[in-house]
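Just below is one structure, and these are the notes that go with it.
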Amino acid sequence: MQQIVLFLYRLRALILFLVLEMLAVGIVFTHNSPQGAVFFNSSNKLTGNLLAVKTNFMSYFSLYTVNQSLAEKNASLLNRLDQLTPVRDSVEFTLDSVLANSFEFWSARVINNSIHLSQNYLTLNKGIIHGIKEGMGVFNEQGVIGRVKGTSTHFSSVISVLHTDLLISSKIKDTEVIGSTKWDGLKSDEAKLLYVPRHVEVVPGQEIVTSGYNAVFPEGISIGKVKEVRPGVDGNYLDITLTLSADYSRLNYVYLVENYLREELDSLEIENSAPGL
């Protein structure tokens, strides 16, 4: 303590000078309007910049909460949109209201993701207690992401589009040309559109979307765009390469969709395929 007092005593002249300078500056700015205005504006600018830095810093740590809230709001809006959008068949007859409103949507956050394997999966932060079920379709604002493979109490596992065993019922947008999208295990931004007959005219740039035929995804969710078209090896089908819409290396929030009529449709198809019928 004595050392501190001695140190301050040695600097007494400088300390006195600084105190007097501050008093003088205060008097000048207080009793002279032009100088006071300059000081006020400068201090406001400095304070504003410091507050902006503080706000940006704090906002960064609140992004998770904000994004989660937005994702849940979007899922709610998707549910409302599905209920308000009229669904029509190819001859313009209005479908039954139960079928038209058979989809419901959830939001979830991706907490684990792989893209470098031949069979890639995602892990989501929602599970059985949130209403997530096996077989649900998964997509984001860019396009199709995959399909729920398994669920636990709080989490769910998703087969990624980048999985060599996953087939997605697809169609060329604004046409009735149906096919199946499958990843060939090569590039993480490309896949193949299978089973398109060779007589069909397909050109690069055409958009490929979900067909709505397998009751997993609603019709019209983007899958990708045609990149290259070549004759197929067997001669019956075209060899079509797609550029996938979604960036699977940057997945954060996704949406899950359930078709309440899926089990009924699946059981009917199994019954129709039974021998002797």
Side-chain angles (χ1 to χ4, degrees), residues 89-90 110 113-122 134-150 157-251 254 257 259 262 265-266 268-275 277:
D89 64 13
S90 59
V110 178
N113 180 28
S114 64
I115 62 172
H116 301 297
L117 307 175
S118 61
Q119 297 179 332
N120 293 288
Y121 291 87
L122 299 84
E134 182 179 338
M136 283 184 173
V138 183
F139 66 101
N140 66 3
E141 68 280 358
Q142 295 176 319
V144 173
I145 301 300
R147 185 174 179 178
V148 175
K149 173 65 175 177
S157 176
V158 176
I159 301 177
S160 171
V161 168
L162 305 182
H163 191 296
T164 54
D165 292 337
L166 182 64
L167 283 173
I168 302 171
S169 181
S170 314
K171 64 181 291 185
I172 300 176
K173 188 175 182 180
D174 299 326
T175 74
E176 297 304 319
V177 178
I178 304 299
S180 294
T181 299
K182 184 177 183 182
W183 188 50
D184 57 7
L186 299 178
K187 297 182 178 180
S188 62
D189 61 346
E190 293 181 0
K192 293 290 186 179
L193 180 63
L194 308 177
Y195 312 128
V196 176
R198 63 181 181 180
H199 68 271
V200 176
E201 183 178 355
V202 183
V203 297
Q206 286 184 293
E207 187 173 4
I208 308 302
V209 298
T210 52
S211 68
Y213 280 9
N214 64 358
V216 175
F217 292 100
E219 179 182 352
I221 298 179
S222 180
I223 298 174
K225 290 187 177 181
V226 176
K227 178 181 180 180
E228 185 180 18
V229 182
R230 295 183 299 179
V233 177
D234 61 2
N236 293 321
Y237 300 104
L238 296 172
D239 181 2
I240 303 174
T241 301
L242 307 179
T243 299
L244 295 169
S245 300
D247 184 351
Y248 298 92
S249 65
R250 297 184 178 182
L251 297 179
V254 295
V257 57
N259 186 346
R262 181 185 159 209
L265 291 170
D266 289 346
L268 180 62
E269 291 179 356
I270 293 173
E271 181 181 339
N272 289 337
S273 64
L277 296 178

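Basis for what follows: all heavy atoms, side chains included, without hydrogens, waters or symmetry-related copies. Note that the structure is a prediction, hence the values are computed from the model and not measured.
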Nearest atoms (heavy-atom pairs only) where V144 meets A246: O-CB, 4.1 Å
task: Report yes or no: does N120 contribute a side-chain atom to a donor-acceptor pair with the main-chain N or O of L162 at less than 3.5 Å?
output: yes
task: State, to 0.1 Å, how close I115 and S188 come at their nearest heavy-atom pair, and which atoms those are.
output: O-CB, 4.4 Å
- line: Paired with I168, the side chain to side chain contact (heavy atoms under 4.5 Å, CB included) test is passed by just one of V216, I208, I223, L193, namely I223
- prompt: Does a side-chain heavy-atom distance below 4.5 Å link V202 with V196?
  reply: yes
- prompt: For L166 and S160, which heavy atoms make the closest approach, and how far apart are they?
  reply: CD2-O, 3.5 Å
field: Pairwise side-chain contact, V257 with F217, heavy-atom cut-off 4.5 Å (strictly under)
entry: yes
- request: First locate atom CG of N113, then atom OH of Y248, and finally report the distance between them rounded to the nearest 0.5 Å.
  value: 10.0 Å
message: Apply side-chain contact (heavy atoms from CB on, under 4.5 Å) to residues L194 and T181 and explain how you reach the verdict.
response: CA-CA 6 Å; L194 308 177; T181 299; over 6 Å; no
query: Does S170 offer a backbone N or O that forms a donor-acceptor pair with the side chain of T210 under 3.5 Å?
result: no
Worked verdict on E207 versus S222 for side-chain hydrogen bond (donor to acceptor under 3.5 Å, both in side chains): CA-CA 7 Å; E207 187 173 4; S222 180; 3.1 Å; yes
query: Is the side chain of T175 donor-acceptor paired with the backbone N or O of V177 at a distance under 3.5 Å, no angle test?
result: yes
- prompt: Is the closest side-chain heavy-atom distance between S211 and S169 below 4.5 Å?
  reply: yes
task: Tell me, yes or no, whether the heavy-atom count around K192 atom NZ, taken from other residues, nucleotides or ligands under 6.0 Å, exceeds 12.
output: yes
task: Find the distance between CZ (R250) and CD (Q142) and round it off to the nearest 0.5 Å.
output: 9.5 Å
ring-ring contact (aromatic ring centres under 6.0 Å, His included) contacts touching residues 157-181 (sequence neighbours left out): Y121-H163
task: Measure the CD-OG1 distance between E228 and T241 for me, rounded to the nearest 0.5 Å.
output: 5.0 Å
message: Strictly below 4.0 Å, N to O, side chains only: are E190 and K227 in salt-bridge contact?
response: yes
- prompt: Between E134 and R147, is a salt bridge (charged side-chain N to carboxylate O under 4.0 Å, His left out) present by the stated rule, with each step listed?
  reply: CA-CA 8 Å; E134 182 179 338; R147 185 174 179 178; over 6 Å; no
- prompt: Out of curiosity, I221 CD1 to E141 CD, how far, rounded to the nearest 0.5 Å?
  reply: 12.0 Å
- prompt: Among I159, L251, V161, which one satisfies side chain to side chain contact (heavy atoms under 4.5 Å, CB included) with I145?
  reply: L251
query: Which pair of heavy atoms, one from K225 and one from G205, lies closest together, and at what distance?
result: CD-O, 4.0 Å
Evaluation steps, side-chain hydrogen bond (donor to acceptor under 3.5 Å, both in side chains), between D165 and Q119: CA-CA 8 Å; D165 292 337; Q119 297 179 332; 3.1 Å; yes
field: Any V254 side-chain heavy atom under 4.5 Å of V110 side chain
entry: yes
- prompt: Between R198 (side chain) and Y237 (backbone), is there a donor-acceptor pair under 3.5 Å?
  reply: no
field: Point-to-point distance, once rounded to the nearest 0.5 Å, from NZ of K182 to CG of D184
entry: 9.5 Å
